[in-house]
Structure formats: C-alpha cells, structure tokens
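Heads up, the thing below is written out as structure tokens.
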2 protein chains.
Amino acid sequence: MAFPPFAVTVDLVVFTIRDDQLCVLTIERGEAPFAGGQALPGGFVLPDEDLADAAARELAEETGVGKDAELERVHLEQLGTYGDPTRDPRMRTVSVAYLAFAAQLSEPIAGTDAAAAQWMPVASALTTSLAFDHGQILADGLERARAKLEYTTLAATFCRDEFTIADLRHVYELVWDVTIDPRNFHRKVLASEGFVEPTGEQTSQGRGRPAQLFTRGDATQLHPPIRR
Amino acid sequence: MAFPPFAVTVDLVVFTIRDDQLCVLTIERGEAPFAGGQALPGGFVLPDEDLADAAARELAEETGVGKDAELERVHLEQLGTYGDPTRDPRMRTVSVAYLAFAAQLSEPIAGTDAAAAQWMPVASALTTSLAFDHGQILADGLERARAKLEYTTLAATFCRDEFTIADLRHVYELVWDVTIDPRNFHRKVLASEGFVEPTGEQTSQGRGRPAQLFTRGDATQLHPPIRR
DNA sequence: GCGATTAATCGTCACACTGAGGATAATTGG
DNA sequence: CCAATTATCCTCAGTGTGACGATTAATCGC
C-alpha cells in the first residue's frame, strides 16, 4: 500500500531552574541545516519505538537522566505536534514535541547530533532565533508550563527532594515572572491537601528564620488551583 | 539522508449534540484492517499539506462543513499524537488526533474510505470496540472537551447562532453528564463578561416563560471558570 | 554581644464567588 | 381561570482571596 512517507522526530522542551533562572535545554547543531545554530534537543523516532519512549531516550542522551530512579523525578508529557510542510528544508518532517520538567540536573551532555548542549535562560532563548520552528515550540511549551503550575502540583518537580515553601514559591515566581506574597502563598500551599508533606526537619543555614522542610505529596491536581 | 519512513494520518474526534445526546462522528470502515468495524474518521496527510489543513479537509469530507462561513462556527484543535508501533498492523503509522466541536450539522457524508458515517451517542461509542486505538483517542478527546468547558467559552460552539441560557446549560449537562442548578448557572453565565451577548429577542414557543436569546460573545476564556 | 536585617510563620479583615434554595414572572395546556 | 412549566431574580451562609499587620528566629555588621 502506498502512502506519503514522512520523517517523524521528537523534540524536547526541557525546563529546569538554575542560578535563579528558568532555563531550557538547548543544543548547538552540528549538522546542516542550521549548523552552528541553537535548537531544541531531539531526533528521529526509531522504527519500532513508541513516541514517549523516543522522548525519554533523547532526554537521557542529552541530560544523562537514564535510571528509573531519576526518571521518576522528571515529568515528561506530550506538548504538541508540528508538521508544517516547510518546517524542515531537507524532507517532509513531523515533529512530536514533548515537555519535561526537571530538578537541577548534572551538566547536559552533547548528544550524537549536537556539538554542545547547555542550559539557556528562557528569557534569552525566547529572543534567540532557534532552528526550524523551535521558537514556536518553546513558546508553546512555556505557556503550557505556566498553565500547568496553576492546577497541578508539578511545581514541586522543579525542587529537590526536600524543599521549603519559599523554594516552591520561587518556582512559581520564576516560571510566571511575577512576585508572590509569601504569606498568602504559604497559606494556600498548606491548605492544598497532598501538595506537600512536612518532614519535621528544618533548614539549617541561610539568612532569616529557618524554614520547615517538605517533600512532594501524593496529589497531582491542585484543589483549589493557585492562580496566576 | 536515510530516515525511518512513517505514514502520518489525522484522526478526528468530532462532537456535536443531537437528539439530546452528546454524539461523536464515526464511520464504518470499508477496508481492512477492521473492515466493517467502527472507527473515527481520518486519513493520510498529503505530501504538502499542513496537519491542521489535513484535519479540516477530512472534517469537510465527512461532514460537508467546507465553506469558510461554516468553518467559523466549528472549533478545531489538536488533541494529541498517537504512535504506538503496533497501533496499525499494516505499517508504522503516527496519527495526529484533532478535536472538533460543532453545532448540529447536516447528516454526515460517507467519505472515500468509509462505507458509512453516523453520529453515534458518546455513551455507546465508549462501550463499542473501535478500530485501532480510537477508543483511547475518543476517551482523551472527551476528557479534553469536558475540561475545556470549564475555562473556555466553547460550550457556545455547540449551540445555534441564537440560543438561550437553558440551551447553554444543556450543553454543560450533556457533556459533563450532570445536572446543574438553572438559577446559579444563569447567574454565572451573565456574570462572565463576553460569554454571551443578548440579542433583545425572546423565544416564541415552548412551555414556560419565554427566554431571552443570546449570541456568542467575544471572550474565549472564562473568568471565573465554571467548575464541574 | 547587640541592634539591624532578613525571612518564616501566623493572624485579621474586607471582598468576591459559590451552592442551596425561596420567590416571582410569563407562558402553555386543560 | 388553574396547574404545570420554565425563566429570572434574590437572599444567605460558607469558602477562598488579596492586602497587609504582627511575631518569631535566625544571620550580619560592627
């Protein structure tokens, strides 16, 4: 049976928080087209590979997040699919974009197709001209991430295993690019059942009064949501 | 350059309200695999066609919704992409699913690949074994539709040009499968700026007090949302 | 050591939105 | 005309929210 052949790729929008900034994983392309330009990590889906598996594989190749224990602390979800016939000058390509949230990871690893990989502040990435339609994919991923913080507990995915309410608030402030009243935020997080669980421990150092430490709770959805 | 070749299709989850039920457009497959079985409408993306264009084309082929004036009253959005290597026994296929909301349309039209097309009540479709992974796609589409009614004005897309608050409430009740207090719903819809605009006219017939008629407002998002 | 500073935590208050449900208005069918 | 039906308006108590005052417990500069 005849059908038009397509290349299918996955591209990743991987967010993390580093140096007090929301950052996205980018690579420097080693091959044409856009050789030397910045792009989102990604690659071809293998002939017998599921889409989500391909995304997880690419994530592992670029970040070293491979072990199950590490994957548990990374959120990975499908973002959308981009298939403009002109998006890749080489061939007809459809790209399935995935969105990932990660706590601070080790340094990124240049993958097979990439000359280099780095965490780029999102503010910079948005004003950089990215390869293909990756600028649009990044913008869509950022908007999805912002929306998801409102009604899910995914903000905690950006934090280490143990974190304070202030750490969590900082995630919201960086992703939404707003300032949040610490007192009201504190009240709302503690009122959201299953968002965070107290460990009983406290932070030992830093300015100001020590804060209680928490771990992620069981809930995935926030009731009520925390509005932008 | 070598790459694994994929077939790329679009599949459609088209919802409408008919005979007091939420219905989804299904076709009876005319070809193997699953010949004679029920499936969602869809087809191959053409070599130089954008994904959204392919979805709109398939929608037009199956429903006759082709003119721009008609398309304006249909909502079409990407739902998600399904690429399990085993989803199609013939070949490696990736399907980009689209979700459509439509007001009551004329009878569906059997497309080129379909023996027949019909509006099937969603309750039946969910218990029917659909071809490929279309059962999953339908379930995902229904959940997306339910969620979208909460925070967007898309419920009005299911209504005719002029409608009453009760018509709109009925959309929510059918999609969410709940009953809603008419008095509170009335208050909330009128309080949501830009959701509906009064025409000044009234319904002429039917039991009970005549109701005011409204048209869709300019807003796309609901503030505050109408919660399930 | 000591006050200034910083940050965490708790509390108060007015306001907005919600669900429950009472009351009234305007029709149709006998 | 009366009962049934549906639309519309209104009240009230409970809950979540933003703004912000107050207290607590640590560090910092000297």
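Just so we're clear, the structure is a prediction, and the values are computed from it rather than from any experiment. So you know, we letter chains A, B, ... as the sequences are listed, proteins then strands, and number each from 1.
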*For A:Tyr82 and A:His134, run side-chain contact (heavy atoms from CB on, under 4.5 Å): C-alpha distance rounded to whole Å, both residues' side-chain angles, the deciding distance at 0.1 Å, then the answer.*
CA-CA 10 Å; A:Tyr82 299 79; A:His134 289 184; over 6 Å; no
*Along DNA chain C (nearest heavy atom to each residue), the more 5'-positioned of B:Arg227 and A:Ala166*: A:Ala166
*Tell me: CD of B:Gln205 to C1' of D:dT5, nearest whole Å?*
15 Å
*Between atom CG of B:Leu168 and atom CG of B:Leu149, what is the distance when rounded to the nearest 0.5 Å?*
9.0 Å
_Need one value for A:Gln212: base, sugar-phosphate or nothing, where a base atom within 4.0 Å counts as base even if backbone is also close, heavy atoms only._
sugar-phosphate
*Take A:Leu190 and A:Ile165 through the side-chain contact (heavy atoms from CB on, under 4.5 Å) test and state the conclusion after the steps.*
CA-CA 9 Å; A:Leu190 292 187; A:Ile165 305 287; 4.2 Å; yes
*Given DNA chain C, 5'-ward residue of the pair B:Arg209 and B:Pro225, judged by closest heavy atom*: B:Pro225
_Interatomic distance, A:Arg169 CZ vs C:dT6 P [rounded to whole Å]_ = 15 Å
*asked:* Please list, in numerical order, the residues of residues 175-200 of chain B that have a heavy atom closer than 4.0 Å to any atom of DNA chain C.
replied: B:Asp181, B:Arg183, B:Asn184, B:Arg187, B:Lys188
*asked:* I need the CD1-P distance between B:Ile226 and C:dA16, as an integer number of Å.
replied: 19 Å
*On DNA chain D, check which nucleotide each of B:Ala211 and A:Gly208 is closest to and give me the residue with the more 5' one.*
B:Ala211
*asked:* Just the rounded figure in Å: distance from P of C:dT18 to NE2 of A:His223.
replied: 16 Å
*Calculate the interatomic distance between B:Phe163 atom CZ and D:dA7 atom P; express it in whole Å.*
14 Å
_Please evaluate residues A:Leu40 and A:Leu12 with respect to the criterion side-chain contact (heavy atoms from CB on, under 4.5 Å), reporting the C-alpha separation (whole Å), side-chain torsions for both, the decisive distance (0.1 Å), and the verdict._
CA-CA 6 Å; A:Leu40 297 176; A:Leu12 295 175; 5.9 Å; no
*When the distance from CG of A:Leu168 to P of C:dA8 is rounded to whole Å, what number comes out?*
12 Å
_Quick check on DNA chain D: between A:Gln202 and B:Arg207, whose nearest nucleotide comes earlier from the 5' end?_
B:Arg207
*When you look at B:Asp167 and B:Arg160, which way does the salt bridge (charged side-chain N to carboxylate O under 4.0 Å, His left out) test go after all the steps?*
CA-CA 9 Å; B:Asp167 293 335; B:Arg160 294 193 187 76; over 6 Å; no
*Would you say the ring centroid of B:Phe214 lies under 6.0 angstrom from that of B:Phe163?*
no
*asked:* For A:Gln212, is there any backbone N or O sitting under 3.5 Å from a side-chain donor or acceptor partner on A:Thr164?
replied: no
